[in-house]
Amino acid sequence: MDTTHDIPPKVLETLSRSNKTCIERLRIHQPEEIDLFIHNSTSYPSARLAAVLVLLYEKAGELRVLLTTRSKSLRAHPGQVALPGGKVDATDKDVFETAYREAHEEVGFPRHYPHAYTVCTLRPYISSSKLLVTPVVALLSEPSVLETLVPCPDEVDRIFDHPLPAILDPHLASKEDLAQKGSSDWPYTEEYYNFSDIELPWLGDSTYRMHRFRSTAFAIKGLTSDILIATASIAYDKQPSYERWAPRQLRTFAPILRILECQDTLQHAPSGTSTPTPKVEVGVPSGAEVSADK
């Protein structure tokens with residue numbers, strides 16, 4: 001099913017030629033046809049659905065993405081980097097409304113802002129707490145509104161941004177005012193990027209690659225990094241300078257969903273026949289799964 005979103009030509013013409021091409025690639029992107037929200041195509045509980053906003057804008061000729069750090073007072077994953085987002089509310093008509101509503105609640109991004117244009121969605125991702133998170137990619141044509149954003153003190157400590165090209169080539173972040181190397185925000189020996197692979201016996205004996213990017217705040221990692229890698233790979237039509245996938249990592253969503261639905265069936269089987277489902281540990285929670293765990 002074609003879900004292409006229209007962006008006025010006059011808006012695209014304000015972008016550099018290369019960035020216009022990036023947005024066009026994202027605009028025509030068609031994710032896996034698994035509509036968790038609207039068509040109830042899965043038995044996965046609606047209370048476990050979430051969405052995040054990947055808000056892109058042009059600054060000094062490059063695309064940047066809006067990010068936050070979670071409040072250090074939060075019980076779950078304090079201080080970690082997140083995309084604005086959270087759980088689907090019963091009153092949300094779709095994941096687009098969820099993403100924009102959460103951005104408004106977390107950082108004060110105006111609801112129904114006339115200079116924000118939905119570009120596409122990506123396929124769902126699974127969080128460490130088994131939320132299924134749909135990324136909504138949007139283009140901001142008037143970045144001046146970012147100066148008016150204010151973090152919700154109960155949820156967000158800091159609002160910042162990161163260059164999207166540096167997600168594919170981490171060395172490009174060298175021009176940023178990065179967190180101090182060796183600090184709690186970047187306690188690693190590598191300069192701009194590192195990774196580790198995690199075994200997932202519960203997910204068909206697959207593995208998961210935890211990517212970490214040095215930023216001006218805490219490390220960008222976990223699901224936030226996965227979503228940004230996917231966004232940048234589509235936008236620039238190329239793969240990262242590092243190896244994206246771990247051996248035996250599941251690269252599409254359909255097999256993940258089948259496993260989750262099977263586990264849910266087992267959990268709700270009659271007493272004496274159920275098998276406990278292990279805690280989902282798809283790396284250290286960050287970003288989408290952090291923001292969505294509210």
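Start at 1 with the first residue, then count along the sequence.
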Is the side chain of [X] donor-acceptor paired with the backbone N or O of [Y] at a distance under 3.5 Å, no angle test?
X: E32; Y: F253; answer: yes
X: S233; Y: A230; answer: no
X: R48; Y: S129; answer: yes
X: T68; Y: V156; answer: no
X: T69; Y: R158; answer: yes
X: D94; Y: E97; answer: yes

Which residues pass the side chain to side chain contact (heavy atoms under 4.5 Å, CB included) test with S18, not counting sequence neighbours? S16
Pairwise distance [atom1]([X]) to [atom2]([Y]) - rounded to 0.5 angstrom:
X: L26; Y: D237; atom1: CG; atom2: CG; result: 10.5 Å
X: L257; Y: I259; atom1: CG; atom2: CD1; result: 10.0 Å
X: I167; Y: L172; atom1: CD1; atom2: CG; result: 10.5 Å
X: S215; Y: I220; atom1: OG; atom2: CD1; result: 4.5 Å

Members sharing Y188's hydrophobic cluster (side chains within less than 4.5 Å):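 Taking Ile, Leu, Val, Met, Phe, Trp and Tyr as members, Y188 shares its hydrophobic cluster with W186.
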Co-members of Y192 in a cluster of I, L, V, M, F, W and Y side chains, linked at under 4.5 Å: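 Members alongside Y192: L178.
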Any idea which heavy atoms bring [X] and [Y] closest together, and the distance?
X: S241; Y: P170; result: OG-CD, 3.5 Å
X: E106; Y: L83; result: OE1-O, 4.4 Å
X: L63; Y: C22; result: CD1-CB, 3.8 Å
X: V95; Y: V136; result: O-CG2, 3.9 Å
X: A166; Y: A173; result: CB-N, 3.8 Å

With heavy-atom distances below 4.5 Å as the criterion, would you say the side chains of [X] and [Y] are in contact?
X: L132; Y: I126; result: yes
X: L56; Y: I23; result: yes
X: Q180; Y: D185; result: no
X: H29; Y: P31; result: yes
X: D92; Y: R101; result: yes
X: N19; Y: Y57; result: no
X: L140; Y: V145; result: yes
X: L139; Y: L15; result: yes

Set of side-chain hydrogen bond (donor to acceptor under 3.5 Å, both in side chains) partners for [X], sequence neighbours left out:
X: R25; answer: none
X: T21; answer: none
X: D157; answer: none

Working for side-chain contact (heavy atoms from CB on, under 4.5 Å), residues K87 and L49: CA-CA 6 Å; K87 287 183 180 179; L49 302 181; over 6 Å; no
With sequence neighbours excluded, residues passing salt bridge (charged side-chain N to carboxylate O under 4.0 Å, His left out) with [X]:
X: K175; answer: E62
X: E147; answer: none
X: E24; answer: R27

Donor-acceptor pair between D177 and T216 side chains, under 3.5 angstrom: no
side-chain contact (heavy atoms from CB on, under 4.5 Å) between V52 and T98: does it pass, once the steps are laid out? CA-CA 8 Å; V52 294; T98 301; over 6 Å; no
Can you check side-chain contact (heavy atoms from CB on, under 4.5 Å) on L228 and V54, steps first, answer last? CA-CA 8 Å; L228 293 183; V54 184; 4.2 Å; yes
Which pairs would a plain distance check flag for residues 107-125, meaning a side-chain donor or acceptor within less than 3.5 Å of a matching protein atom at least two apart in sequence or in another chain?
residue	atom	partner	partner atom	Å
Y117	OH	P114	O	3.3
T118	OG1	Y100	OH	2.8

For K181, I'd like to know if atom NZ has over 12 heavy atoms of other residues, nucleotides or ligands within 6.0 Å. yes
Only pairs at least two apart or in different chains count here, so list each salt bridge (charged side-chain N to carboxylate O under 4.0 Å, His left out) that has a residue in residues 159-170. R64-D161
Decide, yes or no, whether a salt bridge links E199 with R248 under the criterion of side-chain N to carboxylate O below 4.0 Å. yes
Would you list the pairs meeting ring-ring contact (aromatic ring centres under 6.0 Å, His included) in which at least one residue belongs to residues 222-248, sequence neighbours left out? Y193-Y242, H211-Y242, F213-Y242
Let's go through S196 and R209 carefully: what are the C-alpha distance in whole Å and the side-chain angles of both, what is the deciding distance for side chain to side chain donor-acceptor pair (under 3.5 Å) to 0.1 Å, and is it a yes or a no? CA-CA 6 Å; S196 57; R209 177 151 295 174; over 6 Å; no
Honestly curious: do W202 and Y208 fall in one hydrophobic cluster under the side-chain, below-4.5 Å linking rule?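 Yes: a chain of side-chain contacts under 4.5 Å links W202 to Y208.
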